[in-house]
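Below is one structure, written out as structure tokens; the observations come after it.
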Amino acid sequence: MRREKQLDIIKKLFDEATEIIVATDAGREGELHLRYIYYFLKVKAVQTAVDLFPTDESDQDGFGI
């Protein structure tokens, strides 16, 4: 029951969003969990990934690295 309520809240927020920024480690379980939820809820919002390990110097400056 609690899980269903949590998914209802996530679905409502995803439905209101025009873009979803994914800030999980690529190829890790966090990304997989998001993909499962995204697929299960049939989300229509555009998904944008954020590289958490920027290699370009300008990206590193933006992240304060």
Side-chain angles (χ1 to χ4, degrees):
M1 184 74 160
R2 181 173 180 206
R3 187 176 314 144
E4 291 170 357
K5 287 182 181 180
Q6 290 172 333
L7 283 172
D8 287 343
I9 292 169
I10 293 170
K11 173 74 170 147
K12 180 179 180 280
L13 293 170
F14 278 178
D15 286 345
E16 293 173 3
T18 56
E19 180 181 30
I20 297 169
I21 299 174
V22 179
T24 60
D25 292 347
R28 300 291 194 155
E29 62 276 358
E31 180 185 14
L32 183 59
H33 293 163
L34 176 73
R35 290 184 185 276
Y36 281 148
I37 292 169
Y38 205 81
Y39 176 79
F40 179 76
L41 297 177
K42 298 175 176 74
V43 176
K44 304 256 188 286
V46 175
Q47 182 177 328
T48 303
V50 175
D51 185 0
L52 295 180
F53 300 101
T55 55
D56 182 78
E57 190 174 313
S58 63
D59 289 341
Q60 291 176 0
D61 289 342
F63 281 99
I65 297 174

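Just the heavy atoms: all of them, side chains too, but no hydrogens, waters or symmetry mates, feed the values below.
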With sequence neighbours excluded, residues passing salt bridge (Lys or Arg N to Asp or Glu O under 4.0 Å) with D15:
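So D15 forms a salt bridge (Lys or Arg N to Asp or Glu O under 4.0 Å) with K11.
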In the hydrophobic clustering that connects Ile, Leu, Val, Met, Phe, Trp and Tyr at side-chain heavy-atom distances below 4.5 Å, which members other than Y39 occupy its cluster, ordered by chain and number?
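None; Y39 is a cluster of one.
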Among the clusters formed by ILVMFWY side chains lying less than 4.5 Å apart, do L7 and Y38 turn up in the same one?
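Yes: a chain of side-chain contacts under 4.5 Å links L7 to Y38.
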Determine, using the 4.5 Å side-chain heavy-atom cutoff (strictly less than), whether I20 and F40 are members of one ILVMFWY cluster.
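Yes, same cluster.
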Taking side chain to side chain contact (heavy atoms under 4.5 Å, CB included) as the definition, give me every residue that meets it alongside L32, ordered by chain and number, with sequence neighbours left out.
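Y36.
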Contacts of type side chain to side chain contact (heavy atoms under 4.5 Å, CB included), residue K12, not counting sequence neighbours:
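In terms of side chain to side chain contact (heavy atoms under 4.5 Å, CB included), with neighbours along the sequence ignored, K12 is linked to E16.
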Please identify each residue that fulfils side chain to side chain donor-acceptor pair (under 3.5 Å) with E4, with sequence neighbours left out.
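With sequence neighbours excluded, E4 shows a side chain to side chain donor-acceptor pair (under 3.5 Å) to no residue whatsoever.
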How long is the gap from CD1 on I37 to CD1 on I10, to the nearest 0.5 Å?
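Here the rounded value is 4.5 Å.
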